[in-house]
Protein chains: 2
Amino acid sequence: MDALLARLKNYVDLPRPSEAALIGMPHVLKQMPRGKTIISEGEVIRRFHVIQKGWAIRKRLLEDGRRQIINFLLPGDVFDLQAMIDSKSDHGIETITLCEVRSIPTPEFLSVVSAHPALSSALWWSAVQEEGILREHIVRVGRRNAIERISHLLFELRRRLILTGNADPEDPVALPLSRQLIADAVGLSSVHVSRTVSAMRRMGLVATNAHLRILDPESLASIAGFDSHYLHLDARPLGQVRFNDGRGSMA
Amino acid sequence: MDALLARLKNYVDLPRPSEAALIGMPHVLKQMPRGKTIISEGEVIRRFHVIQKGWAIRKRLLEDGRRQIINFLLPGDVFDLQAMIDSKSDHGIETITLCEVRSIPTPEFLSVVSAHPALSSALWWSAVQEEGILREHIVRVGRRNAIERISHLLFELRRRLILTGNADPEDPVALPLSRQLIADAVGLSSVHVSRTVSAMRRMGLVATNAHLRILDPESLASIAGFDSHYLHLDARPLGQVRFNDGRGSMA
DNA sequence: CGCTCGGTTGAGATAATTCAAGTGCAGTGG
DNA sequence: CCACTGCACTTGAATTATCTCAACCGAGCG
């Protein structure tokens with residue numbers, strides 16, 4: 001199934017025609033190897049993008065080389081609100097695994113969405129969830145210590161992967177993360193992340209052969225003080241609220 | 001002039017009828033003393049809010065009392081996207097000075113906005129700017145040291161105040177911030193903030209009588225490595241893009 | 001006048017960083 | 001098949017940024 005569709009279904013059951021419209025939008029599908037730039041900082045964004053497969057990061061680079069990962073983009077994630085206005089991107093987006101990325105020109109995207117209230121309402125939910133993830137990341141980095149930050153991040157990623165059917169809650173979830181990626185996400189040095197992850201391995205929380213695997217999500221959540229309400233999994237459609245352009249005729 | 005209007009004018013010149021519609025929305029205007037809760041964590045949000053006067057904070061509290069300020073809400077700021085979906089707020093909002101807050105029920109807000117493309121486009125800009133501020137806050141907290149964090153925050157606040165005519169670029173801007181507020185915003189302890197601010201005073205960057213005043217914004221910006229493009233001050237309207245509900249008839 | 005509250009300052013403790021050396025694996029080329 | 005290289009990861013030791021605890025100060029207020 002389409003990755004975005006799978007994600008939005010956590011919020012509403014889309015009527016068949018809306019599903020069809022979502023999948024049928026004119027788009028370009030691109031395979032990208034790991035480490036490629038999807039959007040570069042300063043570029044004007046004129047298309048919406050959807051991650052179909054693989055992982056990407058949003059990141060900012062400081063002049064002296066320090067890097068901050070703003071968040072991780074997983075299958076089913078759409079970006080970017082910035083496509084709504086004609087402005088230069090304030091951050092870059094880059095693949096960290098082999099990816100399949102779908103992109104749709106802004107006007108076409110909006111006209112499809114505006115014709116389908118259920119779609120637009122689901123996309124609002126998606127935007128609210130994304131903002132929630134951003135806010136929680138601020139809390140993570142600002143007020144938690146190393147093991148809490150890492151545990152919280154890992155648990156969030158697992159939760160989000162499960163949401164789109166990209167991970168099985170029963171299995172140890174594998175994450176394609178290097179120490180350096182984790183470090184740049186949670187604001188630590190890669191060697192301190194290495195030490196902390198080693199400690200977590202000794203505690204039986206994760207395994208670290210080839211990929212990082214989550215062995216004990218419950219303990220992870222409790223160490224992290226994880227509270228999932230920022231993911232808005234409880235949200236239910238209010239009225240019909242459109243994510244809309246003003247040009248096409250209103251269906 | 002209306003605070004929100006003043007802010008949106010940085011993006012578009014709203015046509016008279018749109019201005020009138022914005023100001024004329026059915027609303028409640030509330031005076032609130034310092035330290036009052038506008039929205040509490042867990043509450044379902046059914047109204048949009050606009051800060052008319054004063055300052056507020058978005059914050060998250062951890063179980064053990066640690067507090068993280070997610071961002072500052074200044075005159076002209078609108079919140080919250082979360083009003084678009086029927087879900088519990090994942091954070092609290094609280095005044096930190098005497099405030100005047102306007103609130104509009106979601107459906108009324110949306111129907112006015114959907115009738116005015118220029119308004120909806122301006123509100124998209126506002127949402128994009130807010131997301132940019134959130135992202136930059138992550139970089140600030142994740143990858144900058146104490147003096148950089150504080151300088152960056154102060155400079156951003158000054159810039160935003162100037163944007164809405166709440167500060168004069170020529171004068172030393174005064175900010176109603178305690179050491180503790182700064183600490184909880186940038187993820188430090190209040191005593192370390194105190195030390196750092198004292199150092200900044202000795203460097204001639206700020207004054208600290210009664211209120212914190214910014215004396216030397218240029219040096220502040222250069223210490224902080226401040227780059228304003230995340231505020232999207234360069235953005236210009238693309239097509240007509242609506243911020244829309246799907247219930248009312250489309251004007 | 002005496003309290004309270006925010007801010008300041010010092011001293012010692014701690015978390016995380018930096019630098020540096022060493023290990024192990026995956027891929028490459030002989 | 002083996003040696004060689006590169007890269008991520010690991011570990012130790014020394015250093016530094018920041019925190020905690022605690023005492024003190026001074027302005028504003030009842």
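Just so we're clear, the structure is a prediction, and the values are computed from it rather than from any experiment.
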Contact letters for nucleotides 20-30 of chain D, in which S counts primed atoms plus P, OP1 and OP2 and B counts the base, heavy atoms under 4.0 Å: B----------
Suppose the criterion is salt bridge (Lys or Arg N to Asp or Glu O under 4.0 Å): which pairs have a residue in [range], not counting sequence neighbours?
range: residues 210-230 of chain B; result: none
range: residues 62-76 of chain A; result: A:D64-A:R66, A:R66-B:E148, A:R67-A:D184
range: residues 159-172 of chain A; result: A:D77-A:R160, A:E156-A:R160

Residues in contact with DNA chain C, drawn from residues 199-216 of chain A - heavy-atom cutoff 4.0 Å: none
Not counting sequence neighbours, which residues clear side chain to side chain contact (heavy atoms under 4.5 Å, CB included) with [X]? List them please.
X: B:P169; result: B:R158, B:I162
X: B:S40; result: B:T37, B:E43
X: B:K53; result: B:E100

Divergence of helical axes at both termini of the helix from C:dC1-D:dG30 to C:dG30-D:dC1 - five pairs an end, 10° steps: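 For the helix from C:dC1-D:dG30 to C:dG30-D:dC1, the axes at either end differ by 30°.
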Qualifying residues under side-chain hydrogen bond (donor to acceptor under 3.5 Å, both in side chains), relative to A:Q129, sequence neighbours excluded: A:R7
Proximity to DNA chain D (any heavy atom under 4.0 Å), residues of residues 136-158 of chain B only: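 Of all residues in residues 136-158 of chain B, the ones placing a heavy atom under 4.0 Å from DNA chain D are B:N145, B:A146.
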Between protein and nucleotides 22-27 of chain C, what N or O pairs are separated by less than 3.5 Å?
none

